[in-house]
Amino acid sequence: MIEITENTIERVSNALAGIPKGAEKVFTKAINSALNMAKKDVYRGVMQEYAISKDVLTKYTRERIKKAAADRPCGEIVFSGKQIPLYKYDPT
């Protein structure tokens with residue numbers, strides 16, 4: 001979990017005081033970027049651990065991403081899916 005502390009919010013708000021909704025935009029983009037990086041890292045880690053191709057993994061996996069917005073500064077990513085048949089794995 002990534003948390004943004006009050007100290008960070010205060011410093012960013014002070015730095016972007018002249019820009020309308022500047023802090024909200026910065027935090028929203030940072031959260032959404034972190035969600036995209038987390039999604040890539042999860043897929044990469046699963047492919048390395050289980051010797052499976054990305055095509056097979058994406059076919060059997062669903063992800064639901066709730067992106068952050070200016071009025072809702074939080075994001076969420078949830079993975080789910082079906083069991084992958086054994087013959088889909090790379091045996092080498």
Side-chain angles (χ1 to χ4, degrees):
M1 174 188 284
I2 299 171
E3 292 185 39
I4 300 171
T5 64
E6 274 193 51
N7 185 28
T8 304
I9 293 171
E10 188 175 312
R11 288 186 323 165
V12 171
S13 295
N14 289 338
L16 301 174
I19 301 171
K21 294 189 178 186
E24 290 88 351
K25 291 177 184 177
V26 166
F27 289 126
T28 299
K29 288 185 180 196
I31 292 167
N32 291 336
S33 176
L35 288 172
N36 286 331
M37 285 189 291
K39 175 185 164 184
K40 289 178 186 176
D41 286 346
V42 166
Y43 277 110
R44 193 175 302 122
V46 170
M47 288 186 305
Q48 286 177 351
E49 182 71 24
Y50 294 104
I52 194 161
S53 71
K54 179 148 181 162
D55 292 338
V56 171
L57 189 59
T58 55
K59 180 179 177 183
Y60 287 90
T61 306
R62 288 189 349 222
E63 75 267 346
R64 188 181 77 229
I65 299 175
K66 279 188 180 178
K67 293 196 172 205
D71 61 334
R72 190 179 49 81
C74 62
E76 178 181 66
I77 184 167
V78 177
F79 290 93
S80 63
K82 302 181 274 186
Q83 288 185 344
I84 301 172
L86 195 55
Y87 72 90
K88 295 286 186 176
Y89 291 87
D90 184 13
T92 57

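Hydrogens, waters and symmetry mates play no part in the numbers below; they use all other heavy atoms, side chains included.
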How close do I31 and G75 get, heavy atom to heavy atom, and via which atoms?
CG2-N, 3.8 Å
With a 4.5 Å cut-off on side-chain heavy atoms, are E24 and I19 touching?
no
Who pairs with E63 by side chain to side chain donor-acceptor pair (under 3.5 Å), at least two apart in sequence or on another chain?
K39, Y43
Check whether V56 and L86 end up in the same hydrophobic cluster, where Ile, Leu, Val, Met, Phe, Trp and Tyr are linked by side-chain heavy atoms less than 4.5 Å apart.
yes
Closest contact, heavy atoms only, Y60 versus I84
CB-CG1, 3.6 Å
Can a donor-acceptor pair be found, under 3.5 Å and without considering hydrogens, that links the side chain of N32 to the backbone of A68?
yes
In this structure, are over 12 heavy atoms from other groups packed under 6.0 Å from R72 atom CZ?
yes
Contact between D41 and R44 at the side-chain level, heavy atoms closer than 4.5 Å - yes or no?
yes
Roughly how far apart are D90 CG and M47 CE, rounded to 0.5 Å?
12.5 Å
D55 backbone acceptor or donor facing T58 side chain under 3.5 Å
yes
I need the minimum non-hydrogen distance between S13 and A23, along with the two atoms involved.
OG-CB, 3.8 Å
Rounded to the nearest 0.5 Å, what separation is found between the CZ atom of R11 and the CG atom of L16?
12.0 Å
Above 12 or not: heavy atoms from other molecules or residues under 6.0 Å from OH of Y50?
no
Shortest non-hydrogen separation from L35 to K66 and the atoms involved
CD1-O, 3.6 Å
Would you compute the distance between atom NZ of K40 and atom NZ of K54 and round it to the nearest 0.5 angstrom?
8.0 Å
